[in-house]
There are 2 protein chains.
Amino acid sequence: MLDATDKKILEELSKNARITMKELGEKVHLTGQAASSRVIKLEEEGIIEGYTIQLNERKIGYPVHSFINIYTKHIQHQPYLSFLGNQSEYIINNYKISGEGCYLLECKFPSNEVLDHFLTQLNKYVNYKLSIVINNK
Amino acid sequence: MLDATDKKILEELSKNARITMKELGEKVHLTGQAASSRVIKLEEEGIIEGYTIQLNERKIGYPVHSFINIYTKHIQHQPYLSFLGNQSEYIINNYKISGEGCYLLECKFPSNEVLDHFLTQLNKYVNYKLSIVINNK
DNA sequence: ACAACTCCTTTCACATTTCAAGGAAAATCC
DNA sequence: GGATTTTCCTTGAAATGTGAAAGGAGTTGT
């Protein structure tokens, strides 16, 4: 399904998704047009789901990165999920998991004070265990 | 530091990082040239760290997504970290955390069998608690 | 051997980007 | 307050990239 050229294309686009098709072509020994049509095919097949930017969250005011394990005994998760909907500024991902708790909530905050306030509200809906990210090496 | 136009630019690029500068300019009521120079500035300031693709990991052969809390009593983390270096095919992120354990390891695997084999090797270096991602809603 | 298919290249018209020059508005300085 | 500097934008023109069409080479099936 994916040949070596496709893999190289995905690798190059992962490193720089704004590369021109001409340059991408040079990297994989194709013309720009051939590279472009492979990329279009990868998009159509749903292998490439989108193009996005990597942001420095610290520099845009969200220096606190955390993972929160969510525990609840309630059958109804909807109140918790609705709460998240109202807090989307802080939410990166809410993974439904099997293992430690029901969900693993990945969030970002401007400060520990905001995190504290968030946790206070969160605790109305669920129990949790908090992990703060120190770095990512 | 960031005005409303910059924020809109970041938002649009998050949604589609391959948009042309001309189109981006239209969305923020600027010429392509003006949009482009703002983007260059955001890059130089380190706010935009890069451009990348969103991949469908399932379709490229990594349907199993997991988070693994890593626990160790050893002072030396190097053997564990070296092990990760050899397993980079499967590693998405290794967050150093304060909270549940020492690290939160985010990984992807082709199958439960490969995950099982990975865990067996991992257990030579550290203890762990496994969470499998069911979905992300 | 021929037809059908896939995947590539070439060509060319058109769109975008880049670079330079210049203008308007705001900020700074005296 | 008025002159100067700075910032941020626009315009225009040249360089570069893209997309569509036509066609060629290699592969597969009959």
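A note on names: the letters A, B, ... follow the listed sequences, proteins ahead of strands, and every chain is numbered from 1. Just the heavy atoms: all of them, side chains too, but no hydrogens, waters or symmetry mates, feed the values below.
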For this session: Applying side chain to side chain donor-acceptor pair (under 3.5 Å), run through A:Glu49 and B:Asn56 and close with a yes or a no.
Result: CA-CA 6 Å; A:Glu49 295 185 331; B:Asn56 186 318; 3.1 Å; yes
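- Checked against a 6.0 Å centroid threshold, the rings of A:His65 and B:Tyr95 count as neighbours.
- Rounded to 10 degrees, the angle separating the terminal axes of the helix from C:dA1-D:dT30 to C:dC30-D:dG1 is 30°, with each axis obtained from five end pairs.
- Between C:dT9 and A:Thr31, a contact under 4.0 Å exists linking OP1 or OP2 to a side-chain N or O.
- Here C:dT18 presents its P atom at 6 Å from CD1 of B:Ile40, a figure rounded to the nearest Å.
- Remark: P of D:dT16 and CD1 of A:Ile19 are 17 Å apart, rounded to the nearest angstrom.
- Across the protein-nucleic acid pair, A:His29 atom NE2 and C:dC8 atom P stand 13 Å apart, rounded to whole Å.
- Between A:Met21 atom CE and D:dT16 atom P there is a gap of 19 Å when expressed in whole angstrom units.
- One atom, CG of A:Asp3, and another, P of C:dT6, lie 15 Å apart when rounded to the nearest Å.
- Taking the centre of each ring, A:Tyr103 and A:Tyr71 stay at or above the 6.0 Å mark.
- The distance from atom CD of B:Glu23 to atom C1' of C:dT17 is 14 Å, rounded to the nearest whole Å.
- Checking D:dT10, D:dG17, C:dC7 against the side-chain heavy atoms of A:Thr20 singles out D:dG17 as nearest.
- The side chain of A:Lys22 lies closest to D:dT18, out of D:dT18, D:dC9, C:dT18.
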Problem set entry | ring pair (Phe, Tyr, Trp, His ring centres under 6.0 Å) evaluation trace for B:Phe109 with B:Phe118 | CA-CA 9 Å; B:Phe109 298 97; B:Phe118 177 85; 5.0 Å; yes
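- Nearest nucleotide to the A:Lys41 side chain, out of D:dC9, C:dC7, C:dT16: C:dC7.
- The distance between the ring centers of A:Tyr51 and B:Tyr51 does not fall below 6.0 angstrom.
- Side-chain proximity of A:Ser36 to the nucleotides C:dT9, D:dG19, C:dC7 is greatest for D:dG19.
- Between the base of C:dT17 and the side chain of B:Gln33 there is no donor-acceptor pair shorter than 3.5 Å.
- Under the side chain to side chain contact (heavy atoms under 4.5 Å, CB included) rule, B:Leu104 has a single partner from B:Ile70, B:Ile97, B:Asn93, which is B:Ile97.
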